There are 2 protein chains.
Amino acid sequence: MEANTSSLLSLTGNEARDEIVRAAAEVFMEFGFAATSIDAVAERLGATKGRIYHYYGSKAELYFDVQIAAMEKLIREIEPIAKGSGNAAERLEAMALRHTTILMEDLSMQKVAVRGLERELLGAVAARHAKTLRSIIRLRDDYEQIFAEVIDDGIRDGLFVDLPPRLATKPFFGALNWLTVWYVPRRLQTVEDIAEIARTLTGCAMRGILKGAHP
Amino acid sequence: MEANTSSLLSLTGNEARDEIVRAAAEVFMEFGFAATSIDAVAERLGATKGRIYHYYGSKAELYFDVQIAAMEKLIREIEPIAKGSGNAAERLEAMALRHTTILMEDLSMQKVAVRGLERELLGAVAARHAKTLRSIIRLRDDYEQIFAEVIDDGIRDGLFVDLPPRLATKPFFGALNWLTVWYVPRRLQTVEDIAEIARTLTGCAMRGILKGAHP
DNA sequence: AAGGTTACATACTCAGTGGTATGTTCGCAA
DNA sequence: TTGCGAACATACCACTGAGTATGTAACCTT
């Protein structure tokens, strides 16, 4: 047993855990945290509980790892864009486009992550996992902050409507993230279909905060 | 025992059921369907299971009634606005404003409803309650349709961007409904605070679909 | 090759929960 | 006043599911 504890970053290098996380993400997405049994995850793996509990100490820990993996992927992909070139509007649009695309490509994990820490956890398992919980909330906050800063840039440049950045982030994320509620991947869905949806959502979100001269 | 079955419309006139529904909404919102025990709902009522099972045949039935009550309230309030006077943009804005306000005023019920039928139900309890499930999905669809039609009007009048109405509805609802994810009612929150948030969200959502001349 | 460790599977415990069966109280009609 | 049903409370059962304890086969090390 290597350093599995506090696995906030060290998923890499452990293929077995990765496979479990992917399977767990699917089942969690389908049924939510409470309604998902470890046995169900094991079955999807073609294995039994033993395999899961060998790598994870509890159901909550497994759930957390799904969240962490999802958030890290988002941050890893979007942060470079935020720090890249272009004005605030161009960068924000590129970020939104990529963000939306990831949501659809990686739907199972992202759906779990985006929905946020369902309240059931905050109340129930909170005490025992308070530390991990904080890390996750921190990750979510960091991610939102990446957007908030670009938005702040845009506001100061007079590109975006004049709102508190943290507040402006909400409807912006909303327009994008809401897709985790309604989007159902269709068979025969091409890459272009996904791109089309991403462009549409990004378009609405961008117009929502762009300071344009409306008639 | 009067005609409790198929209570899709007849909540009115039954104060006892109403009280149960309100309590249930709070607990369901806090913990989700699966993690909410009937005992927990009963405790919030200062009663025991007996009281609940006297009026409801199952936990699912109770959950459904929360959804129905929430959706009916929305439809009841927004439909008149949709059929009212003003051009599409004016009506849509008024609808969004009222919609958002209801979400905040009635957060517990609406949060449960907006989150949608968590997948856990579709798979698990589906068979036994297939009929009720269809009614609820129908209600949600009807509600979205109210918006879709106004949006369609706006598109044909050249007010809104040219998108399939059903698709345009998604980011629009997203910008508004996302508040059920992040909004936490604060003590000392005045009516004006709520109105302020409603205006901000509505503003972003409207700009998102308005065909404006962006610089 | 012997001992140890990893990576699981199997078998079991036990608390929590949905639902039911059975009281019990109270209002009301005859 | 009596009886009866509505409106609950109490007691109980059956089952699910998280977590654990124990077995075991393969592999790795020396």
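Per chain, numbering begins at 1; letters A, B, ... match sequence-line order. Source: prediction; values computed, not measured.
One can place CZ of Arg51(B) at 19 Å from P of dT25(C), the figure rounded to the nearest angstrom. Between the C1' atom of dA6(D) and the NE2 atom of His54(B) lies a distance of 6 Å, rounded to the nearest Å. The separation between Tyr56(A) atom OH and dG17(D) atom P is 22 Å, rounded to whole Å. Remark: C1' of dG17(D) and CZ of Phe31(A) are 15 Å apart, rounded to the nearest angstrom. Tyr55(A) places its OH atom 18 Å from the P atom of dT20(D), with the value rounded to the nearest Å. Distance, Tyr63(A) OH to dA18(D) P: 14 Å, rounded to whole Å. The CD-P distance, from Glu15(B) to dA6(D), rounds to 19 Å in whole Å.
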Show the atom names and distances, to 0.1 Å, of all donor-acceptor pairs under 3.5 Å that link a side chain in residues 31-42 of chain A to residues at least two apart or in another chain.
residue	atom	partner	partner atom	Å
Thr36(A)	OG1	Val27(A)	O	3.3
Thr36(A)	OG1	Gly32(A)	O	2.5
Ser37(A)	OG	Ala40(A)	N	3.0

In residues 77-85 of chain B, what donor-acceptor pairs under 3.5 Å come from side-chain atoms, sequence neighbours left out?
residue	atom	partner	partner atom	Å
Glu77(B)	OE1	Arg98(B)	NE	2.8
Glu77(B)	OE1	Arg98(B)	NH2	3.1
Glu77(B)	OE2	Arg98(B)	NH2	3.4

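Among residue pairs with one or both ends in residues 41-52 of chain A, those qualifying as side-chain hydrogen bond (donor to acceptor under 3.5 Å, both in side chains) are Glu19(A)-Arg51(A), Glu26(A)-Arg44(A), Glu30(A)-Arg44(A); sequence neighbours excluded.
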Legend entry - Under 4.0 Å protein heavy-atom contacts per nucleotide of nucleotides 10-24 of chain C, with B for base, S for backbone only and - for none: B------SBBB----
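Salt bridge absent: Lys131(B) and Glu61(B) never bring a charged side-chain N and a carboxylate O closer than 4.0 Å.
For Tyr53(B), the ring pair (Phe, Tyr, Trp, His ring centres under 6.0 Å) test picks out no residue, with sequence neighbours left out. Among residues two or more places apart in sequence or in another chain, the salt bridge (Lys or Arg N to Asp or Glu O under 4.0 Å) test is passed with Glu196(B) by Arg199(B). Checked against side chain to side chain donor-acceptor pair (under 3.5 Å), Asp142(A) has no partners two or more places apart in sequence or in another chain. Arg91(B) pairs by the salt bridge (Lys or Arg N to Asp or Glu O under 4.0 Å) definition with Asp153(B), not counting sequence neighbours.
Pairs of Watson-Crick or G-U wobble type, with distances under 3.5 Å, assemble into runs of 3 or more in DNA chain D at these ranges: C:1-30 with D:1-30.
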